[in-house]
Amino acid sequence: MLLVLTHSSYSADLLVGTRDIPPFAMLDDEGNWAGITIELWEKIAAELNLCYQYVPGSLEEILNGIQQDKLQVGAAAFSITSEREHIVDFSHSFFNTGLGIAVPSRPGSAWWRTLRIFLSLQFLQILAALTILLFIIGFFIWLFEKKQNNEQFGGKHLKGIGAGLWWSAVTMTTVGYGDKTPVTVGGRIIALIWMFTGIIIISTFTAAITSTLTVAAIDYGISGPQDLYRVKTGTVYNTTSADYFSDRGMRPQLFDSVNDALIALAEGEIEALVYDEPILTYLINRQYSGKLSVLPHTFEKQQYGIALQINSPLRQEINRILLSLIESGEFNRIKRRYLGE
């Protein structure tokens, strides 16, 4: 049942469906609505001199209400999808996001979890491969340089190869002490190739380590959507995240609301919760800090828009003002008030 609440500054006219979905739409104890989408809509309505009423309801009730001409607008966190475009129209997108994965934060020393990463078989294999590559490059530099550059790469084989290994290491890491420099044509060709290759290797290695340590600092055993098949997952009914599971033949536990799902995650009923990333992050930071965490990467990109009736006469004017608010930076100021920098 939809409950109509009259906005204090406007007489009844447009019926605007919304739902409590922080930080995009939130109802306080005094019955006032706030949030990113609410503020955005109110600026658009003020510019167009629209009178309206907020009508709380579920996602399904709002979309069906717009389709059946019981509501004219939907303002909350509505993902623009091809399926929904069959029953409602949308404004231009005003927020780009994706699905996120929330998991329990496990107790224990972050230092120990990090150390386990460095002692893992996968990390040691990467390190061994890198060492072998350094040795090969060092060996070839020594091979080219040992006669014409005896002072830097000469001496006994072990000493010369060691000098080559040292040169390949400092060159790859872009430290380049300059104490050893190839002088032969072959040596300089190898050096040139190795310098460019080294930049790529270090960039890739750094990115992989950073990502691994970010996940290890929380230690879920889940690093992305590829791991959802092996854990007990949950999401919310009739949402894009539920569609994500359905499209892949997966059967998560379904909840009536994201708050119910977060409670289940915190109590161990499920091992991972999939939902819109900004909503998960906002709620967890305020209600479950230290207990739950959101993985650092999103997937299944999606866009939020204002829902309208098919062929709504408001669409063109709403889009015009929406684009103006985005281009002027006003919408970014609204976002920062709720999401920070």
Side-chain angles (χ1 to χ4, degrees), residues 5 7-10 13-28 32-57 59 62-63 66 71-82 84-85 88-100 239-241 258 275-286 294 296-310 312-341:
L5 298 179
H7 188 277
S8 58
S9 302
Y10 296 86
D13 192 350
L14 291 178
L15 298 182
V16 180
T18 191
R19 62 192 185 110
D20 192 52
I21 192 77
F24 294 91
M26 300 175 284
L27 184 64
D28 64 22
N32 298 314
W33 286 93
I36 294 173
T37 312
I38 296 298
E39 286 197 30
L40 179 64
W41 163 253
E42 291 185 350
K43 287 186 178 295
I44 292 172
E47 183 74 18
L48 295 175
N49 294 316
L50 297 176
C51 299
Y52 59 91
Q53 296 175 303
Y54 285 129
V55 182
L59 173 63
I62 294 170
L63 293 177
I66 294 173
L71 301 171
Q72 286 76 51
V73 179
F78 296 109
S79 296
I80 301 172
T81 67
S82 58
R84 292 173 183 174
E85 285 275 12
V88 299
D89 211 342
F90 285 98
S91 70
H92 290 321
S93 166
F94 63 83
F95 196 93
N96 297 320
T97 182
L99 297 181
T239 59
T240 51
S241 48
V258 65
Y275 199 63
D276 296 21
E277 186 275 335
I279 298 170
L280 285 178
T281 299
Y282 183 88
L283 292 173
I284 287 174
N285 285 343
R286 283 154 181 77
V294 181
H297 303 296
T298 61
F299 59 103
E300 284 296 295
K301 300 299 182 184
Q302 52 190 318
Q303 299 175 320
Y304 291 163
I306 295 172
L308 301 163
Q309 292 178 333
I310 298 290
S312 170
L314 293 171
R315 187 173 186 272
Q316 185 173 351
E317 286 301 300
I318 287 175
N319 281 337
R320 178 182 61 81
I321 298 170
L322 176 59
L323 291 175
S324 176
L325 292 170
I326 293 173
E327 290 170 0
S328 69
E330 179 60 27
F331 181 60
N332 281 333
R333 287 188 283 273
I334 294 173
K335 287 195 297 183
R336 283 196 294 270
R337 281 200 292 274
Y338 293 92
L339 299 176
E341 295 295 335

Quick one: closest heavy-atom pair of [X] and [Y], and the distance?
X	Y	answer
Ser91	Ile318	CB-CG2, 4.2 Å
Ala76	Thr18	CB-OG1, 3.9 Å
Phe78	Ala307	CD1-CB, 4.3 Å
Leu71	Gly17	CD1-CA, 4.0 Å
Ala75	Ala25	O-CB, 4.4 Å
Ala34	Ile38	O-CG1, 3.5 Å

Nearest 0.5 angstrom please: [X] [atom1] to [Y] [atom2], how far?
X	Y	atom1	atom2	result
Ile66	Phe90	CD1	CZ	7.5 Å
Ser324	Asn319	OG	CG	12.0 Å
Ile80	Ile306	CD1	CD1	10.0 Å
Leu325	Ile321	CG	CD1	7.5 Å
Tyr54	Trp41	OH	CH2	8.0 Å
Gln72	Leu15	CD	CG	5.0 Å

### Task
Take Thr239 and Asp276 through the side chain to side chain contact (heavy atoms under 4.5 Å, CB included) test and state the conclusion after the steps.
CA-CA 9 Å; Thr239 59; Asp276 296 21; 5.9 Å; no
In chain order, what residues pass the side-chain contact (heavy atoms from CB on, under 4.5 Å) check against [X], with sequence neighbours excluded?
X	result
Glu39	Ile334, Arg337, Tyr338
Asn332	Lys335, Arg336
Thr81	Ser79, Glu83, Arg84, Thr240

### Query
Passes side chain to side chain contact (heavy atoms under 4.5 Å, CB included), Leu308 versus Val73? Steps please.
CA-CA 5 Å; Leu308 301 163; Val73 179; 3.9 Å; yes
### Query
Under the salt bridge (charged side-chain N to carboxylate O under 4.0 Å, His left out) test, which residues partner Lys43, sequence neighbours left out?
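Partners of Lys43 by the salt bridge (charged side-chain N to carboxylate O under 4.0 Å, His left out) criterion, ordered by chain and then number, come out as Glu330.
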### Query
salt bridge (charged side-chain N to carboxylate O under 4.0 Å, His left out) with Arg315: which residues, sequence neighbours excluded?
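Per chain and number, Arg315 pairs via salt bridge (charged side-chain N to carboxylate O under 4.0 Å, His left out) with Asp89.
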#### Entry: Pair Leu59-Ile21, side chain to side chain contact (heavy atoms under 4.5 Å, CB included): steps then yes or no
CA-CA 10 Å; Leu59 173 63; Ile21 192 77; over 6 Å; no
### Query
Is there a donor-acceptor pair closer than 3.5 Å between any side-chain N or O of Asn32 and the backbone N or O of Asp28?
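Judged by distance alone, no pair lies under 3.5 Å.
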### Task
With sequence neighbours excluded, give me every salt bridge (Lys or Arg N to Asp or Glu O under 4.0 Å) pair touching residues 296-306.
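Residue pairs passing salt bridge (Lys or Arg N to Asp or Glu O under 4.0 Å), neighbours aside: Arg248-Glu300.
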Not counting sequence neighbours, which residues clear side-chain hydrogen bond (donor to acceptor under 3.5 Å, both in side chains) with [X]? List them please.
X	result
Glu317	Arg320
Glu85	none
Tyr275	none
Thr37	none

### Query
So do the side chains of Pro22 and Leu283 get within less than 4.5 Å of each other, counting heavy atoms only?
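With C-beta onward as the side chain, the pair touches.
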Atom pairs and distances, side-chain donor-acceptor, residues 92-100, under 3.5 Å, sequence neighbours left out:
from, atom 1, to, atom 2, distance (Å)
Ser93, OG, Asn96, OD1, 3.4
Asn96, OD1, Gln303, NE2, 3.2

### Task
Could you check Asp13 against Tyr52 for side chain to side chain contact (heavy atoms under 4.5 Å, CB included), going step by step and ending with a plain yes or no?
CA-CA 5 Å; Asp13 192 350; Tyr52 59 91; 5.9 Å; no
